[in-house]
Amino acid sequence: MELEMLRHSASHLLAQAVKRLYPDVKLGIGPATNVGFYYDFDFSTPITMADLEKIEQEMTKISKENLKIERFELPKDEALKLMQDQPYKIELINELPEGEVISFYKQGEFVDLCRGPHVNYTAKIKHFKLLSITGAYWRGNEKNKMLTRIYGTAFPTKEELEKHLEALEEAKKRDHNKLGRELGIFMTEENVGQGLPLFMPKGAKILQKLIRWVEDEEEKRGYVLTRTPLMAKSNLYKISGHWDHYRDGMFILGEEGVDDGLKALRPMTCPFQYMIYKNGIKSYRDLPIRYAETSTLFRNENSGEMHGLIRVRQFTLSDGHIICALDQVKDEFKNALELSYYIMDTLGIREDITFRFSKWDPNNTEKYINEPEKWESTQKLMKEILDELGLNYVEADGEAAFYGPKLDLQIKNVYGKEDTLITIQIDFASAERFGLEYTDADGQKKRPIILHRSSIGCYERTLALLIEKYGGAFPTWLAPVQVVVMSLTDRTIDEVEKVYAELKAQGIAVQKDTRSEKIGYKIREAQVNKVPYMLIIGDKEKEQGVVSVRGRKDGDLGAFALDEFIKKIKHEIETKAR
RNA sequence: GCUGAUGUAGCUCAGCAGGUAGAGCACCUCCUUGGUAAGGAGGAGGUCACGGGUUCGAGUCCCGUCAUCAGCUCCA
């Protein structure tokens with residue numbers, strides 16, 4: 001709260017400095033955030049990064065002037081008069097509910113419409129830094145004018161500010177978008193296109209390990225695998241509603257009236273698995289049916305939205321749909337969550353997850369299926385499940401899918417930005433829409449409930465978060481290269497070849513480096529590449545029949561007999577040790 | 001899609017009143033047979049993102065396209 005107040009006051013300091021330097025600027029809003037603050041401005045002429053320094057200097061000057069910060073209130077007509085040159089402020093005042101107190105804060109010549117609270121003197125705001133300058137739509141609506149947003153941060157002490165800036169630099173080194181490329185996990189190529197990462201041998205290896213593991217685990221838990229087309233005729237998407245509501249988000253192929261007409265690459269797997277369900281008659285005895293698919297999806301995201309592996313146009317989701325009777329929903333939901341828990345525990349990211357209960361918005365009839373009773377009953381059911389599980393979740397209105405509420409498992413990236421990793425949804429509407437049914441014990445046809453769920457989320461995004469979580473140093477079982485064998489002199493090259501062949505035969509991902517020059521550099525390189533183990537062989541080792549083992553973080557681990565080392569690493573791989 | 005910035009060798013970067021591309025590391029060859037990053041000598045590698053324009057002349061100025069980054073909007 002203290003910190004928020006300081007940062008909010010820092011945003012006013014920023015606004016005052018900008019107003020002094022650019023008297024005709026129009027002010028938007030300027031709140032504190034969880035890492036700093038920002039203020040939105042409407043400049044008559046655009047400013048650049050170079051101007052930030054000037055603005056920062058002016059802020060320091062105002063801080064030193066030590067102006068008193070005072071609150072006062074005005075009736076609406078006087079408030080409007082005071083803000084007559086500030087169209088955005090006038091808009092805000094006019095939208096305040098009748099009878100609401102209209103408060104202002106004044107520091108020296110600067111006055112801003114604001115609810116407060118603030119620190120009492122500008123000199124209290126000493127340790128701040130302006131960080132970036134970007135565009136942002138007025139009131140977050142893309143139909144409105146784009147204003148210039150200046151981001152900054154502020155702290156009570158110089159030490160805290162410096163620590164924060166250092167942490168930002170450190171975060172940059174773990175950023176999957178940088179580290180993932182440096183480690184040779186993925187790349188992009190301008191002729192391939194935006195949001196279409198190419199997985200290089202190391203990245204492909206990690207994905208393969210994850211996919212095999214997840215598919216096997218799902219099978220153990222009663223899922224059956226499907227494999228369905230990556231595209232379909234427009235008919236399918238017309239049934240699902242995507243053709244009318246999600247057309248901009250799809251890649252459309254073919255030509256109207258030619259062959260079988262327009263087709264589209266699939267943006268989701270649901271209708272394909274529904275069609276499999278519909279093939280043949282289903283009895284209540286068949287339920288629940290758990291379909292899983294490692295499903296490649298295509299979504300035509302806007303060009304500015306792509307980001308590394310977090311946001312792409314083609315991605316592979318551990319998708320699946322559980323089709324069950326109403327009285328099975330609770331158990332199936334819990335089991336689906338249990339599977340995700342197991343996966344996150346193994347990967348070591350469970351403690352980083354937060355839960356979001358995403359609900360509908362009754363006022364948004366365009367986005368959501370208009371069946372209020374069903375929404376209410378389904379949300380009630382989900383809330384019951386979440387509370388029975390004792391989950392600590394936040395509720396989010398207007399974040400549900402169009403067919404039902406969601407439980408989203410959220411995770412933060414290295415900069416603190418939150419994304420959905422995994423989602424489990426209860427769908428009360430699609431069975432009706434697609435005509436899914438089963439014959440119940442009483443002989444009546446009934447509509448099943450559908451759970452949409454993912455176990456590990458989308459592989460690209462999950463990989464991105466794993467890169468950041470481990471700073472590229474994957475647990476041994478996931479590491480694309482688990483061991484590098486190096487020769488200290490040319491006399492031991494044969495020995496290196498032998499060890500290499502033995503490890504390879506044991507199914508260990510091994511690389512060899514038989515060139516003996518610059519051994520120090522080679523070790524350094526393996527460390528930079530976060531290879532778990534380096535085996536070094538020289539005359540001494542050859543004579544004693546051992547290998548010198550070096551870990552990427554533990555340094556020298558000593559000499560091992562080869563079979564002893566193999567036993568150690570295989571145990572680590574089998575137990576998926578972290 | 002919107003606002004702003006960026007795009008020179010595999011990587012990190014230099015070059016800029018517009019005069020025809022450079023360094024370090026990596027890579028290749030030879031010498032050095034070494035003990036925990038960078039020993040010596042030589043070599044190869046660039047349509048300066050792409051396409052137009054201005055100019056006697058463009059990596060450098062202008063326009064467009066593509067890609068990358070930060071953010072907005074949207075989403076797994």
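Chain letters run A, B, ... following the sequence lines, proteins first, then strands; residues in each count from 1.
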- Query: With respect to the side chain of A/Y521, which nucleotide from B/rA70, B/rC75, B/rA26 is positioned closest?
  - Reply: B/rA26

- Message: Looking only at side-chain N and O atoms, does A/D408 offer a donor or acceptor that is under 3.5 Å from a partner on A/T420?
- Response: no

- Step-by-step side chain to side chain donor-acceptor pair (under 3.5 Å) determination, A/Q273 to A/T226: CA-CA 8 Å; A/Q273 291 191 328; A/T226 64; 2.9 Å; yes

- Task: Calculate the interatomic distance between A/W138 atom CH2 and B/rU3 atom C1'; express it in whole Å.
- Result: 17 Å

- Could you work out the separation of B/rC66 and B/rU55 based on their C1' atoms and round it to a whole Å? 26 Å

- Item | B/rG52 to B/rA44 separation - P atoms, rounded to the nearest Å | 31 Å

- Roughly how far apart, to the nearest Å, are B/rA9 and B/rG24 at atom C1'? 12 Å

- Begin with the C-alpha distance, continue with both residues' side-chain angles, and end with the deciding distance and a verdict on salt bridge (Lys or Arg N to Asp or Glu O under 4.0 Å) for A/K498 and A/E495. CA-CA 5 Å; A/K498 237 169 72 189; A/E495 201 63 24; 3.8 Å; yes

- Message: Pairing check on B/rG64: which nucleotide meets the Watson-Crick or G-U wobble criteria with it, both distances under 3.5 Å?
- Response: B/rC50

- Query: Just checking A/Y38: base, sugar-phosphate only, or nothing, at a heavy-atom cut-off of under 4.0 Å?
  - Reply: nothing

- Message: Without decimals, in angstroms, what is the distance between A/M306 CE and B/rA70 P?
- Response: 13 Å

- Message: Taking the minimum atom-to-atom distance to the side chain of A/R299, which one of B/rU68, B/rC72, B/rC75 wins?
- Response: B/rC75

- Task: Scan every strand shown for a Watson-Crick or G-U wobble partner of B/rU3, both distances under 3.5 Å, and answer none if you come up empty.
- Result: B/rA70

- Taking the P atom of each, how far is B/rC69 from B/rU12, in whole Å? 14 Å

- Separation of the P atoms in B/rG59 and B/rA38, to the nearest angstrom: 40 Å

- Task: Examine the base of B/rU3 for any acceptor or donor lying under 3.5 Å from a partner atom in the side chain of A/R149, and report the outcome as yes or no.
- Result: no

- Phosphate OP1/OP2 of B/rG1 contacted by A/S303 side-chain N/O (<4.0 Å): yes

- Query: Quick one: does NZ or CZ of A/R299 land under 6.0 Å from the six-membered ring centre of A/F315, within 45 degrees of the ring axis?
  - Reply: no

- Under 4.0 Å between any heavy atoms, over every strand shown, what does A/K406 touch: base, sugar-phosphate, or nothing? Just pick one. sugar-phosphate

- Item | Integer angstrom distance from the C1' of B/rA23 to that of B/rC63 | 33 Å

- Mind calculating the distance between CG (A/L557) and C1' (B/rU36) to the nearest angstrom? 13 Å

- Quickly work out the A/E418 CD to B/rA76 P distance and round it to whole Å. 13 Å

- Item | Integer angstrom distance from the P of B/rC31 to that of B/rU36 | 24 Å

- Query: Going by an N to O cut-off under 4.0 Å, is there a salt bridge joining A/K530 and A/E182?
  - Reply: no

- Message: Strictly below 4.0 Å: does A/H452 bring a side-chain N or O up to OP1 or OP2 of B/rA76?
- Response: no

- Note on the structure: By nearest-heavy-atom nucleotide on RNA chain B, the more 5' of A/C458 and A/I536 is A/I536

- Task: Go through the N and O atoms of the side chain of A/Y415 and the base of B/rG71, and report whether any donor-acceptor pair is under 3.5 Å.
- Result: no

- Message: Suppose we call two aromatic rings close when their centres sit under 6.0 Å apart. Are A/F37 and A/F128 close by that rule?
- Response: no

- Message: Need one value for A/G457: base, sugar-phosphate or nothing, where a base atom within 4.0 Å counts as base even if backbone is also close, heavy atoms only.
- Response: nothing

- Message: Can you confirm if the NZ or CZ of A/R221 lies within 45° of the ring axis of A/Y342 and under 6.0 Å from the centre of its six-membered ring?
- Response: yes

- Query: Is there a donor on the side chain of A/E301 or the base of B/rA76 sitting less than 3.5 Å from an acceptor on the other?
  - Reply: yes

- Whole Å only: how far is the CG atom of A/L309 from the C1' atom of B/rC75? 16 Å

- OP1, OP2 of B/rC66 versus side-chain N and O of A/Q194: anything below 4.0 Å? no

- Between C1' of B/rA70 and CG of A/D40, the distance in whole Å: 15 Å

- Task: Report the base-pairing partner of B/rA58 (Watson-Crick or G-U wobble, both distances below 3.5 angstrom), or none.
- Result: none

- From the candidates B/rC2, B/rC69, B/rC74, the one with an atom nearest any side-chain atom of A/R311 is B/rC74

- Note on the structure: For B/rU20, the nucleotide meeting Watson-Crick or G-U wobble distances (both under 3.5 Å) is none

- Given B/rC75, B/rU33, B/rG35, which nucleotide is nearest the side-chain atoms of A/S548? B/rG35

- Item | Nucleotide paired to B/rG34 in any strand shown, Watson-Crick or G-U, under 3.5 Å | none

- Query: With a 6.0 Å cut-off on ring centres, are A/F155 and A/H164 close enough?
  - Reply: yes

- Base, sugar-phosphate, or nothing: which does A/I523 touch, judged by heavy atoms less than 4.0 Å apart? base

- Item | Pair assignment for B/rU29, Watson-Crick or G-U wobble, requiring both distances under 3.5 Å | B/rA41

- Task: Scan A/E190 against the nucleic acid and name what it touches under 4.0 Å (heavy atoms): base, sugar-phosphate only, or nothing.
- Result: base

- B/rG22 and B/rU3: how far apart are their P atoms, nearest whole angstrom? 39 Å

- Message: What contact category does A/G135 fall into here, base, sugar-phosphate, or nothing, at under 4.0 angstrom with non-hydrogen atoms?
- Response: base

- Task: Would you state whether a donor and an acceptor, one from the side chain of A/E541 and one from the base of B/rG35, lie under 3.5 Å apart?
- Result: yes

- Task: Give A/G249 one of three labels, base, sugar-phosphate or nothing, depending on what nucleic acid heavy atoms sit under 4.0 Å from its own.
- Result: nothing

- Item | Nearest to side-chain heavy atoms of A/M146, which nucleotide of B/rC75, B/rC2, B/rA38 | B/rC2

- Message: Expressed as a whole number of angstroms, how long is the span from A/Y137:OH to B/rU3:P?
- Response: 8 Å

- Task: Counting heavy atoms from C-beta on, name the nucleotide in B/rC27, B/rC74, B/rG71 closest to the side chain of A/K522.
- Result: B/rC27

- Task: Would you mind reading off the distance between A/F315 atom CZ and B/rC74 atom P, rounded to a whole angstrom?
- Result: 18 Å

- Task: Between A/R461 and A/I47, just flag the one whose closest nucleotide in RNA chain B comes earlier from the 5' side.
- Result: A/I47

- Query: Do A/S548 and A/E541 meet the criterion of a side-chain donor-acceptor pair at a distance under 3.5 Å?
  - Reply: yes

- Is there a side-chain polar atom (N or O) of A/K143 under 4.0 Å from OP1 or OP2 of B/rU73? no

- Just jot down the ring pair (Phe, Tyr, Trp, His ring centres under 6.0 Å) partners of A/Y137, sequence neighbours excluded, or say none. none

- Message: Looking only at the side chain of A/R550 (C-beta and beyond, no hydrogens), which of the listed nucleotides B/rU36, B/rC72, B/rU68 gets closest?
- Response: B/rU36

- Which nucleotide sits closest to the side chain of A/E142: B/rC72, B/rU73, B/rU68? B/rU73

- Base, sugar-phosphate, or nothing for A/V312, non-hydrogen atoms under 4.0 angstrom? base

